[in-house]
Amino acid sequence: MCGIVGYIGHREAYPIILEGLKRLEYRGYDSAGIALFDGENLKISKTKGKVADLQKKLENEISTNGNLGIGHTRWATHGVPNDVNSHPHASNSGDLVIIHNGIIENYAALKTELTKRGYTFKSDTDTEVLINLIEDVKLKENVKLGKAVQIALNQVVGAYAIAVIDKNKPDEIVIARLGSPLAIGVGKDEFFIASDATPFLEYTKSAIYLEDEEMAIIRLNKEVKIRKIKDDSVVAPYVQELQMNLEQIEKGGYEHFMLKEIHEQPDAIRDTYRGRLLAKKGIIKMSGVDDNLDKFLQADKITIVACGTSWHAGLVAEYIFEDLARIPVEVEYASEFRYRNPVISNKDIVIAISQSGETADTLAAIKLAKQNGAFVFGVCNVVGSSIARETHAGAYTHAGPEIGVASTKAFTTQITVLTLIALKLAKAKGKISNPDYHYHLQELELIPEKVERALQSESHIQAVAKIYKDAKNCLYLGRGYNFPVALEGALKLKEISYIHAEGYPAAEMKHGPIALIDEQMPVFVIATKKGHYEKVVSNIEEIKSRAGKIIGIVTEGDTNVKNLADHVIEVPETLESLTPLLTTIPLQLLSYHIAVMLNRNVDQPRNLAKSVTVE
């Protein structure tokens with residue numbers, strides 16, 4: 001949510017900031033703006049809409065000269081999306097300008113106090129309150145900008161990533177974070193700031209990631225100074241080398257990032273188990289688990305916390321852990337877990353799953369679990385993210401950058417990591433026989449090749465999508481391991497096509513949803529031969545008798561469902577526990593092609609953000 005970009009150095013800031021904002025569009029936003037300083041004038045241009053709208057307006061409105069600038073894409077919280085509420089925001093004097101990701105929870109009380117002191121406000125935002133608070137502190141305390149930001153932030157309740165510039169300080173940017181990510185790109189005689197590293201990848205691979213409750217003063221020709229906001233203690237900057245490359249964040253000839261990422265899944269799964277899965281030797285190497293194996297083996301239970309697609313991956317993991325390793329598992333929405341006083345002890349393990357590693361609710365759940373003494377293990381995709389730093393141990397998914405807001409390869413790589421952990425624990429606990437263990441490893445190693453085969457059905461899937469693109473409602477049904485896939489399939493359709501869809505366990509259809517079935521209702525049924533096949537076939541019979549339109553996701557060579565369904569989409573055969581890695585593929589492609597046919601913004605669906613860093 002919200003994207004922050006900034007530059008200070010020897011280049012023109014505008015093209016760097018503009019391109020940076022385009023690269024952060026995946027985060028989800030409804031307005032955009034840029035502030036540029038040319039040494040004399042501090043110029044601001046902002047608008048409701050997309051970065052392309054900003055570019056047209058800005059280039060007609062202000063000069064684009066200047067070696068210092070900040071830019072922002074806003075996802076509305078306080079105040080509707082419009083030009084006035086867009087960032088950047090200036091202080092009453094016009095000297096200070098801010099961009100902000102997050103929420104200032106006590107902004108109303110601060111605004112009341114500032115109003116009494118004569119400050120006026122043009123927008124409805126909490127951000128304009130914050131920049132005037134900083135100005136008020138700066139004037140009252142007669143301090144420099146950095147100190148004013150620090151004092152002001154100690155009066156603030158909420159979450160933030162901010163960048164502040166002062167037209168009287170043309171060689172300085174002050175930044176700070178609490179709960180929202182912020183990175184500094186370190187170049188030769190230049191600095192970049194951004195919500196993630198993608199805006200400055202072609203300029204530098206050296207990055208500093210701010211930790212929570214840290215601020216940095218960035219000055220030309222000087223080292224970055226980092227301090228703790230609360231106690232003013234100095235923090236030594238840790239500069240790390242980025243492993244990402246520019247090609248990974250470009251479309252590579254695909255029409256959309258989402259389609260590219262769907263097709264990247266074979267390689268993403270291989271990259272996720274590479275070096276970890278040694279199938280021929282019967283070995284799974286995962287340092288985060290190996291170093292804490294006793295904790296896993298002695299755990300009373302595992303609680304998985306996540307949101308959205310990651311929660312669905314957690315539901316798949318529940319089946320895998322309980323089935324293979326015989327460890328009790330609970331899967332919780334992180335947003336509910338953090339507020340319901342859960343029963344957690346030092347004998348529990350909490351696994352937190354997040355693609356971005358910045359999900360606010362999941363981070364809060366981690367902190368609650370740690371307070372209660374649990375061992376917290378993170379599964380995320382972004383190196384150096386907040387969840388990677390907050391957890392006791394963890395495993396990266398190695399999916400590569402996922403730009404499309406609707407998650408695809410993150411889901412399959414999360415399941416891959418969780419399957420590896422479950423198999424490792426099953427072996428260590430003696431809950432799986434040697435032949436069965438080796439068979440699982442061999443089959444997991446074959447999954448990327450089978451995903452490639454599943455992707456070969458795309459033209460057939462596109463034809464099915466064309467038939468059902470105008471549906472108003474859809475049902476998704478699955479049993480066992482594939483019930484979470486039904487939930488995920490429904491979520492994908494909702495996210496990018498805006499068609500209402502619901503996922504259910506197939507047997508639950510009779511307990512309510514069957515009332516919805518008629519000749520207008522497409523029902524997507526996952527009916528692979530492994531698992532509760534006969535039961536699912538019976539459910540299909542029930543749908544057929546009520547004239548529902550049946551689209552079956554079946555194992556290659558299936559004839560029973562083919563004789564009953566209106567359409568079938570085949571996936572290769574594999575072990576039951578691994579079927580979600582295959583059955584999700586056609587559902588992703590169906591959603592994608594339906595959304596394209598409806599002319600939706602596939603990579604940036606309305607109202608959604610890739611990284612949900614506010615509650």
Let's go through E573 and K530 carefully: what are the C-alpha distance in whole Å and the side-chain angles of both, what is the deciding distance for salt bridge (Lys or Arg N to Asp or Glu O under 4.0 Å) to 0.1 Å, and is it a yes or a no?
CA-CA 8 Å; E573 186 168 1; K530 297 294 173 68; 3.4 Å; yes
Decide yes or no on side-chain contact (heavy atoms from CB on, under 4.5 Å) for M597 and I594, but give the supporting numbers first.
CA-CA 5 Å; M597 290 170 191; I594 288 172; 5.6 Å; no
Evaluate the criterion salt bridge (Lys or Arg N to Asp or Glu O under 4.0 Å) for residue pair K450 and E443; output intermediate values, then yes/no.
CA-CA 10 Å; K450 294 183 177 183; E443 279 296 307; 2.9 Å; yes
Would Y504 and H511 count as a ring pair (Phe, Tyr, Trp, His ring centres under 6.0 Å) if you check the C-alpha gap in whole Å, the side-chain angles of each, and the deciding distance to 0.1 Å?
CA-CA 10 Å; Y504 284 94; H511 299 278; over 10 Å; no
Does R453 form a salt bridge (Lys or Arg N to Asp or Glu O under 4.0 Å) with E556? I'd like the steps, not just the answer.
CA-CA 10 Å; R453 278 164 53 194; E556 285 175 342; 2.6 Å; yes
Test side-chain contact (heavy atoms from CB on, under 4.5 Å) applied to E358 and I387, step by step:
CA-CA 6 Å; E358 302 292 347; I387 285 175; over 6 Å; no
Worked check of salt bridge (Lys or Arg N to Asp or Glu O under 4.0 Å) between D212 and K367
CA-CA 13 Å; D212 271 351; K367 290 172 183 175; 3.7 Å; yes
Full working for side-chain contact (heavy atoms from CB on, under 4.5 Å) between N482 and V485:
CA-CA 5 Å; N482 283 299; V485 178; 3.6 Å; yes
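For the pair V561 and I540, the minimum side-chain heavy-atom distance is below 4.5 Å. R74 places a side-chain heavy atom less than 4.5 Å from the side chain of T125.
Taking NE2 of H438 as the start and NZ of K427 as the end, the distance is 5.5 Å to the nearest 0.5 Å. Rounded to the nearest 0.5 Å, atoms CD1 (I517) and NZ (K544) are 13.0 Å apart. Note that NZ of K409 and CG of D267 are 9.5 Å apart. Values are rounded to the nearest 0.5 Å.
The main-chain N or O of P81 is never found under 3.5 Å from a side-chain atom of D30 such that the two would form a donor-acceptor pair. With hydrogens and angles disregarded, a donor-acceptor distance shorter than 3.5 Å links the side chain of D518 to the backbone of Q520. Although no hydrogens or angles enter the test, the distance criterion places no donor-acceptor pair under 3.5 Å between the side chain of K492 and the main chain of S497. Judged purely by atom type and a 3.5 angstrom limit, T584 has no side-chain atom pairing as donor or acceptor with the backbone of L581. Within the 3.5 Å criterion, the main-chain N or O of A410 finds a donor-acceptor partner in the side chain of E402. The closest donor-acceptor contact from the side chain of N292 to the backbone of K295 lies at 3.5 Å or more, if one exists at all. In this structure, the side chain of K494 engages the main chain of A501 through a donor-acceptor pair within 3.5 Å. At distances below 3.5 Å, at least one donor-acceptor pair connects side-chain atoms of S433 with backbone N or O atoms of D436.
Aromatic rings of H398 and Y273 (six-membered ring for Trp) have centroids beyond the 6.0 Å cut-off, not under it. In summary, the aromatic rings of F377 and H392 are positioned with their centroids too far apart to meet the 6.0 Å limit.
With sequence neighbours excluded, the residues forming a side chain to side chain contact (heavy atoms under 4.5 Å, CB included) with A299 are I349, listed by chain and number. Every residue two or more places apart in sequence or in another chain that forms a side chain to side chain contact (heavy atoms under 4.5 Å, CB included) with S86 is listed here: S31, K46.
The minimum heavy-atom distance between A471 and P522, with the atom names listed, is CB-CG, 3.7 Å. Contact between I526 and A486 at its shortest, heavy atoms only, is CD1-N, 3.7 Å. Listed here is the closest heavy atom pair of D126 and I103: OD2-CA, 3.4 Å. The two residues L491 and G308 make their nearest non-hydrogen contact at CD2-C, 4.2 Å.
Annotation: cation-pi pair R606/Y498 present, NZ/CZ under 6.0 Å from the ring centroid and within 45° of its normal.
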Return all side-chain donor-acceptor pairs below 3.5 angstrom for residues 312-325, not counting sequence neighbours, or 'none' if the list is empty.
unit_1 : atom_1 : unit_2 : atom_2 : d
H312   : ND1    : E488   : OE1    : 2.7
Y319   : OH     : G480   : O      : 3.4
E322   : OE2    : V329   : N      : 2.8
D323   : OD2    : Y481   : OH     : 2.7

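In this structure, F524 and Y476 have parallel ring planes: the angle between them is below the 30° cut-off, well short of the 60° mark. H256 and Y592 have perpendicular rings, their planes meeting at more than 60° on a 0 to 90° scale where under 30° would count as parallel.
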